[in-house]
Every structure is written in structure tokens, then in C-alpha cells.
S.K.: 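Please find one structure pasted underneath; my questions will follow.
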Number of protein chains: 2
Amino acid sequence: MLNGRTPSVKDVAAAAGVSLGTVSNVMNRPEVVSARTRERVERAMSELGFVRNESARQLRAGTSRTLAYVMLDGTNPFFHDVAQGIELAAEDADLSLFICNSNSRSAREAVHLDRLLQQRVQGILITPVDPAAPHLDELIRRGVPMVIVDRIGNADSCCSVAVDDVLGGRIAVEHLAEQGHTRVAFIGGPESLGQVHERLVGAREMWASLGNDPEDLIYLPTETLSVSEGRSAGERLAGLAARRRPTAAFCANDLLALGLLQQSIGAGLRVPDDLAIVGFDDIEFAAAAAVPLTSVRQPRQELGRAAAQLVLDEATNPDHRHQQLQFTPELVARASTVSRNRTM
Amino acid sequence: MLNGRTPSVKDVAAAAGVSLGTVSNVMNRPEVVSARTRERVERAMSELGFVRNESARQLRAGTSRTLAYVMLDGTNPFFHDVAQGIELAAEDADLSLFICNSNSRSAREAVHLDRLLQQRVQGILITPVDPAAPHLDELIRRGVPMVIVDRIGNADSCCSVAVDDVLGGRIAVEHLAEQGHTRVAFIGGPESLGQVHERLVGAREMWASLGNDPEDLIYLPTETLSVSEGRSAGERLAGLAARRRPTAAFCANDLLALGLLQQSIGAGLRVPDDLAIVGFDDIEFAAAAAVPLTSVRQPRQELGRAAAQLVLDEATNPDHRHQQLQFTPELVARASTVSRNRTM
DNA sequence: TACATTCACTGAAACATTTCAACTTTACCG
DNA sequence: CGGTAAAGTTGAAATGTTTCAGTGAATGTA
């Protein structure tokens with residue numbers, strides 16, 4: 001009767017001597033079926049090794065049991081931490097999480113979104129390459145619940161969750177100024193990335209409001225936010241004339257900061273005495289560096305968790321209102337800016 | 001006619017004035033439909049904004065378009081690199097990749113596998129908590145294509161892809177011996193993890209075959225393979241009596257090595273002069289450390305790619321034979337074992 | 001002209017579930 | 001004991017595709 005096929009509800013029904021509908025009820029509304037038959041059905045299921053076919057379920061019920069996250073850069077642990085937060089929220093809601101990686105390429109992102117659309121996922125969380133890309137508008141037009149992560153989107157088209165990047169830039173520079181630095185580098189890029197732009201804006205704001213010469217906040221642009229770009233920024237820094245050379249660097253993320261740290265130490269500089277370094281994100285590896293890295297912490301898991309809750313609200317609550325959640329970043333001071341001699 | 005619903009093939013067929021079957025052919029066998037109607041159908045599709053419903057496709061066609069990878073530890077970048085390799089292979093085969101994380105917990109792993117079964121994924125790649133767990137046998141019994149990654153499974157029940165961990169242990173210790181070390185620590189755990197066990201076995205083999213006293217290869221067990229365990233191993237190391245204290249440490253993975261490196265430098269040791277360190281895996285952050293880490297490289301992406309190819313073969317090739325693919329690890333010597341003074 | 005072959009398209013069945021109105025059975029009440 | 005309500009179960013329809021046997025039309029062949 002089963003010749004090889006994996007068993008279906010029909011087989012279970014036959015084995016338990018009940019109708020299809022009853023088997024379905026056992027799975028979906030166990031409270032409406034009597035204890036005796038429920039037990040009988042459950043035994044039949046486990047004897048046959050029945051596994052519910054999710055495609056059929058989804059087709060008929062019209063609703064999928066998965067969320068998706070399209071991350072920006074799989075080589076940056078920051079995004080995996082965000083994903084972990086989403087995963088936890090998804091787990092609570094008994095949903096699966098589909099993780100995709102656009103690798104900063106808009107075309108890849110579009111391909112992933114198309115697939116997710118075909119999948120009819122319940123909601124999409126995304127850290128977009130470009131929040132103004134047309135394929136994002138299309139999601140909205142289609143009514144797919146979506147929330148933008150790590151970037152504040154334009155107010156009323158969708159929800160978003162992010163940290164206040166301008167403030168992040170401010171507190172990083174404030175900290176360096178407090179440590180007595182009067183010439184500071186900002187390292188990061190491309191500036192088209194909103195995160196980078198806003199951190200730079202915050203840095204400049206604070207620098208000016210402390211009464212410093214704008215010329216003394218030196219912007220060293222990079223191609224990407226990677227360790228190797230951090231290293232090469234270090235070389236450029238070393239190449240500056242001594243009286244122009246900054247005594248501290250604020251990097252737009254921790255990967256850059258780690259690269260810069262490595263290059264500096266390799267070149268014989270003492271960190272923080274010759275060069276102080278502040279990163280951004282506060283990934284695990286920042287704290288684990290040989291000279292533990294001062295960094296502007298984002299609540300990474302919390303970001304993900306909050307985003308998942310918003311997308312779920314949009315998916316299930318008929319009078320959902322879009323909102324822009326903004327978390328407050330926090331400076332975590334470590335040895336890369338605070339000299340041991342000075343503190344002790 | 002469409003009132004709100006997302007359009008189906010039926011709507012497209014009506015709009016283009018053809019039958020359902022023709023629309024399906026346009027999507028699946030475009031060569032059998034005439035250029036003129038194909039064009040008409042395609043126009044109708046884009047005008048209506050048609051997106052194929054994957055559940056329905058999968059239900060009818062009986063075959064899904066996704067692979068899944070269940071990774072062991074989401075905090076270790078090594079596994080993300082493996083996942084990236086799988087993703088590339090999946091992309092080539094036009095499949096999606098579902099990534100799950102068991103977080104080293106068998107129960108979580110079982111939950112994920114159950115969901116994947118319901119999803120009827122085409123194949124499962126997994127780095128298992130315990131390769132002998134019953135839920136893995138069940139996959140095999142059900143005939144789901146599966147390959148074990150980063151661990152050699154028992155010969156003929158399924159495919160597996162891994163690096164020769166025993167050899168990895170040997171070359172690490174050989175390298176340290178060559179650098180003149182006569183007392184070496186092996187740091188790692190739990191020993192129940194096959195990878196750890198075999199690396200230790202290799203280390204001991206090589207140590208003995210070089211004619212050293214087994215007593216001088218000191219095993220410092222850890223609870224997990226994490227940065228913080230690396231730090232605490234460093235403290236234990238520092239606590240040893242000076243004449244017992246090793247001058248070099250071989251860590252079972254790079255996270256441990258990074259933790260050890262940090263702790264050692266913080267305690268004022270010079271690396272490699274006071275303590276040489278070798279890691280395992282060669283993740284990006286190993287090369288990016290302040291003192292770049294010598295490490296036993298695994299071909300991370302290649303591991304994933306090969307595993308994906310095996311699972312696809314099992315899924316599509318009727319006379320597939322299980323095989324155990326074994327890659328050769330390679331020592332990458334960097335500053336954490338090779339003193340600058342010595343090389344120059 | 002009759003016949004065979006190829007080409008383009010059609011229509012209905014099938015996939016495995018959920019849902020829901022209708023039906024039976026049981027329990028309760030006066 | 002008759003009537004009603006509640007509880008439990010059934011059967012068929014519906015979901016959006018793919019597949020495949022079949023229908024016509026057009027083309028080529030004798």
C-alpha cells in the first residue's frame with residue numbers, strides 16, 4: 001500500500017481507522033478530538049514514520065512558517081550576531097529562519113528576494129545594499145512584511161531598526177578628545193553606505209562642538225569595511241608627515257580597527273600610546289584582540305530580536321503601524337584607548 | 001477578477017489567452033512553445049506581477065529546490081566559511097541554501113532536522129554534535145541524501161568530507177619541534193569531540209616519533225573551543241611551575257589560540273619568544289591578530305563545496321556510491337611561532 | 001488527394017494538506 | 001421518554017502547480 005512512498009495523512013487515516021479530517025485535527029486542533037482517537041492516530045503516525053509535508057500545508061493554509069534575513073556581509077560577525085537575535089525570536093514564534101547573504105552586491109540581493117517571494121515567506125528582514133533600491137519598493141507594493149535592519153528607512157513605507165549612528169560617532173570622538181587627543185583620523189568607506197556617512201557626521205559634529213579645528217579631524221576613506229582595508233589605512237597613516245599625523249583613529253567598524261591595530265603593532269607602534277584606536281560594533285573579536293579594542297557597542301542580538309518582533313507584528317496584527325526603532329549605542333572603553341600607565 | 005490575491009498561473013493564462021499548461025511550459029520548457037505565444041505569456045506575467053508559488057511547484061513536482069546545512073557553532077567563523085562554500089555550489093546548481101545552527105546542542109539539532117524533513121529538502125549537510133546520534137540514522141533510513149562535514153563518518157552509511165585531523169596534529173607539533181621547543185602544551189576539549197581527539201592523537205604520535213618524552217607534551221583540557229576558554233587555559237599555563245612550563249602551545253582551534261594569545265600578551269609574555277602559539281582552522285581572524293597566528297589551515301570553502309557536490313550526486317545520480325573525502329591540512333607559519341629576530 | 005509526421009497547444013488529473021458544513025453520537029434535562 | 005444541545009467525526013472542496021495523453025493544424029511525402 002505504501003510501496004516506498006513516504007506516508008501521507010491518507011495512510012495514517014487508514015491505519016488508524018479514521019478520516020483524513022480527523023488526522024488533520026490531531027495535528028492542528030488536538031483539543032477537538034477525543035483522547036482515545038487522538039492516541040490511536042498518534043500511534044499510527046509514529047508507526048508509519050509520518051512526517052507532515054510542509055509544502056502541501058503551506059499551499060492549502062496559505063501561510064508559510066518561515067522568516068528570512070538577507071544580510072549584507074557574511075564575513076562580518078556583526079551580521080551573524082544580528083541573525084542570531086532574529087533566530088531566537090523566530091524560535092519563540094515557532095518559525096524557521098532562512099538566512100541569505102547579499103555580499104554587498106545588489107544583484108545577489110535581488111536574486112535572493114525573488115526566491116523568497118516565490119517561497120511566500122511570512123516576512124523579510126534585510127540589511128540592504130541600498131535602501132532606495134527598486135526591488136525593496138516592490139516588496140512593499142506586494143505587501144510582504146519587511147523591516148530594514150541596521151539602517152533607518154524612510155519613515156512610513158516600512159519598519160526599521162537601527163542604532164543612532166550619529167550619536168555613535170559623537171561618543172567615539174568625545175571619548176578620544178577626553179583622552180587628550182587633538183588630531184584624530186576617521187577611517188571608513190564607502191561614504192555611500194549610510195552607516196559610514198552618519199558615523200562621520202556625528203564625529204564631525206562632536207569635534208566641532210568641542211571647539212576643535214575641523215582640519216584636525218582627518219578623513220581617510222576606504223573601499224570597504226574589511227580587515228585588509230584597515231591595514232592599508234594604517235600604512236597611509238604612517239605615511240603622513242609627523243606634525244600632521246593623528247594620535248588616534250576612529251574606525252567605522254571593528255574589522256577596520258582590527259586591521260589597523262595589526263598593522264600598527266607590526267610597524268612597532270605602541271597602542272594606545274603612539275596611536276589610540278576606537279572601533280564600531282563591538283563584535284566578539286574586538287574584545288579578544290591582543291590589545292582589547294575600545295568600541296562603540298551596538299546591541300547586536302537585540303537589534304535582530306526587535307526587528308523580528310516588528311515583522312511579526314506586521315504579519316499578524318491588522319492594525320500594525322510602521323515604526324522606526326532606534327537603539328542607543330554605548331562606548332566600551334578598553335586598552336586600545338586607555339593606557340595602562342595612565343589608569344593605574 | 002484578482003481582488004487582492006496574488007495572481008496565479010490561471011490568471012496569467014486568462015490574460016494571455018492560453019491554457020494553464022502553456023503557461024507552465026513557458027516556465028519549465030520554453031523550447032516547446034512558439035516564440036509568439038511565449039512572448040505574449042511573458043508579457044502577461046510581468047504585467048500581472050506573477051510570482052510562481054514554490055510550495056505548489058514543489059508539491060506537484062515532488063522535488064524541492066533547497067539544500068540545508070546544520071552547523072555546529074555559529075560563533076565560530078570557520079563554519080560560516082564552510083557555509084559560504086556550500087552556498088557557492090548551491091548557487092551553481094540553482095538551489096537555495098537553508099542554514100541552521102545547532103549551537104552544539106543535540107536537541108536543537110534534532111528540531112532542525114525535523115523541520116528540514118517536513119520541508120522535504122533535497123539534501124542535508126551537517127556538522128553533527130555527535131555523528132552517532134540516532135536522528136542521523138533516521139535520516140539515512142528515510143533515504144534523505146546527507147553528508148557529514150568536518151568529520152569522517154562510518155564508511156558505508158553516508159558520505160563525509162573532512163580534513164585529516166591526525167595529520168593536522170602531526171604537522172603542528174612537528175613545526176613546533178623544528179623551532180626547538182622541547183615542552184609543548186596541547187589545549188582543547190572536550191575530548192569527546194572527534195576533531196579534538198584526533199588532533200591530540202596526531203600530536204602525540206608525532207611527539208613520540210621525534211623521540212621526545214610523552215610527559216613533555218602536556219594536555220590542558222578545556223570545556224569548549226572558545227576564546228574565553230583560551231584565556232583561562234593561558235592562566236593555567238602561567239600557574240605551572242617554571243621548569244614544567246611549556247614554551248609552546250598547540251590549540252585545537254583558532255578561537256582558543258586567540259584567547260591564549262590575548263591572555264599571554266596581557267600578562268606581559270612575548271609571543272613567540274616566551275610562548276609560541278599554533279592554532280587550527282586558519283580563520284581570517286587568525287591572520288588578522290596583532291601577532292599573526294600560525295595555524296593549521298583547512299580548505300574551508302573547498303570543504304563546503306565538495307560536500308555540496310557529494311550531496312547533489314546522491315540526490316540525482318541513481319548509482320551514487322558513498323565516499324569519504326579527506327583533504328590535507330597545511331601549516332601556515334606566521335609570527336606567533338617564528339620570531340622575527342630568528343628569521344632576519 | 002490521401003496519408004504520415006511534426007509542431008503547438010489543451011484539459012484534466014494528481015500532489016498532500018486544511019477547512020468547513022453537515023452528519024452522528026452522546027449527554028443532559030424536564 | 002422525547003427533545004435539544006454539545007461533542008466528535010466525516011467527506012468533499014479547495015489551494016497552485018506540473019505532467020501527460022490527447023487534439024488540431026500545418027507541413028511534408030507518395
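In what follows, chains carry the letters A, B, and so on, assigned in the order in which the sequence lines appear, proteins first and then strands, with residues in each chain numbered from 1. Atom set for the values below is all heavy atoms of this structure, side chains included, hydrogens, waters and symmetry mates excluded.
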S.K.: So, does B/Asn28 get its side chain near the phosphate of D/dT18, meaning an N or O under 4.0 Å from OP1 or OP2?
M.R.: yes
S.K.: Distances for protein N/O vs nucleotides 23-27 of chain C N/O pairs under 3.5 angstrom?
M.R.:
none

S.K.: Who pairs with B/Thr75 by side chain to side chain contact (heavy atoms under 4.5 Å, CB included), at least two apart in sequence or on another chain?
M.R.: B/Asp73
S.K.: Are any protein N/O atoms closer than 3.5 Å to N/O atoms in nucleotides 5-12 of chain C? If there are, list each pair with its distance.
M.R.:
unit_1, atom_1, unit_2, atom_2, d
C/dC9, OP1, B/Ser34, OG, 3.2
C/dC9, OP1, B/Thr37, OG1, 2.8
C/dC9, OP2, B/Ser34, N, 2.9
C/dC9, OP2, B/Thr37, OG1, 3.0
C/dT10, OP2, B/Ser19, N, 2.8
C/dT10, OP2, B/Ser19, OG, 3.1
C/dT10, OP2, B/Thr22, OG1, 2.7

S.K.: What is the distance from CD of A/Gln58 to C1' of C/dA16, rounded to the nearest Å?
M.R.: 13 Å
S.K.: Going by salt bridge (Lys or Arg N to Asp or Glu O under 4.0 Å), name the residues that satisfy it together with A/Arg57, two or more places apart in sequence or in a different chain.
M.R.: A/Glu54
S.K.: Output side-chain donor-acceptor pairs under 3.5 Å for residues 139-151 of chain A, partner residues at least two apart or in another chain, one line each.
M.R.:
unit_1, atom_1, unit_2, atom_2, d
A/Arg142, NH1, A/Glu138, OE2, 2.4
A/Arg142, NH2, B/Gly49, O, 2.0
A/Asp150, OD2, A/Gln195, NE2, 3.1

S.K.: Figure out the CZ/P separation between B/Arg65 and D/dT18, and round it to whole Å.
M.R.: 11 Å
S.K.: Could you tell me which residues satisfy side chain to side chain contact (heavy atoms under 4.5 Å, CB included) with B/Ala110, sequence neighbours excluded, listed by chain and number?
M.R.: B/His135
S.K.: Given atom CE of B/Met45 and atom C1' of D/dG16, what is their separation to the nearest angstrom?
M.R.: 13 Å
S.K.: Does a side-chain N or O from A/Arg29 land closer than 4.0 Å to OP1 or OP2 of C/dT18, or not?
M.R.: no
S.K.: For DNA chain C, which residues of residues 112-123 of chain B approach it to below 4.0 angstrom with any heavy atom?
M.R.: none
S.K.: How long is the span from the CG atom in B/Leu59 to the OG atom in B/Ser64, to the nearest 0.5 Å?
M.R.: 12.5 Å
S.K.: Work out which heavy atom in B/Thr66 is nearest to a heavy atom in B/Leu95; give both atom names and the distance.
M.R.: N-CD2, 4.4 Å
S.K.: Would you mind reading off the distance between A/Asn53 atom CG and C/dT18 atom C1', rounded to a whole angstrom?
M.R.: 13 Å
S.K.: Can you tell me which residue pairs pass the salt bridge (charged side-chain N to carboxylate O under 4.0 Å, His left out) test with a partner in residues 29-53 of chain B, sequence neighbours excluded?
M.R.: none
S.K.: Is a side-chain donor-acceptor pair under 3.5 Å present for B/Gln58 with B/Thr63?
M.R.: no
S.K.: Starting at atom NZ of A/Lys10, determine the distance to atom P of C/dT17, rounded to an integer number of angstrom.
M.R.: 10 Å
S.K.: Would you say C/dA16 has OP1 or OP2 under 4.0 Å from some side-chain N or O of B/Arg60?
M.R.: no
S.K.: Is there a side-chain polar atom (N or O) of B/Arg57 under 4.0 Å from OP1 or OP2 of C/dC15?
M.R.: no
S.K.: Would you mind listing every side-chain hydrogen bond (donor to acceptor under 3.5 Å, both in side chains) that reaches into residues 82-91 of chain B, with sequence neighbours excluded?
M.R.: A/Arg108-B/Glu91
S.K.: Examine the side chains of B/Ser160 and B/Gln324 and answer whether a donor and an acceptor come within less than 3.5 Å of each other.
M.R.: yes
S.K.: Going by atom types only, do B/His320 and B/Asp313 share a side-chain donor-acceptor pair under 3.5 Å?
M.R.: yes
S.K.: Please tell me whether B/Phe98 and A/Phe98 form a close aromatic pair, meaning their ring centres lie under 6.0 Å apart.
M.R.: yes
S.K.: Residues two or more places apart in sequence or in another chain: which of them pass side chain to side chain contact (heavy atoms under 4.5 Å, CB included) with A/Thr22?
M.R.: A/Val18, A/Ser19
S.K.: Please collect all salt bridge (charged side-chain N to carboxylate O under 4.0 Å, His left out) contacts where either partner lies in residues 111-120 of chain A, sequence neighbours excluded, each pair once.
M.R.: A/Arg115-B/Asp94
S.K.: Under 4.0 Å, heavy atoms only, any strand: does B/Ser8 hit a base, just the sugar-phosphate, or nothing?
M.R.: sugar-phosphate
S.K.: Looking at five pairs on each end of the helix from C/dT1-D/dA30 to C/dG30-D/dC1, what is the angle between the two axes, given to 10 degrees?
M.R.: 40°
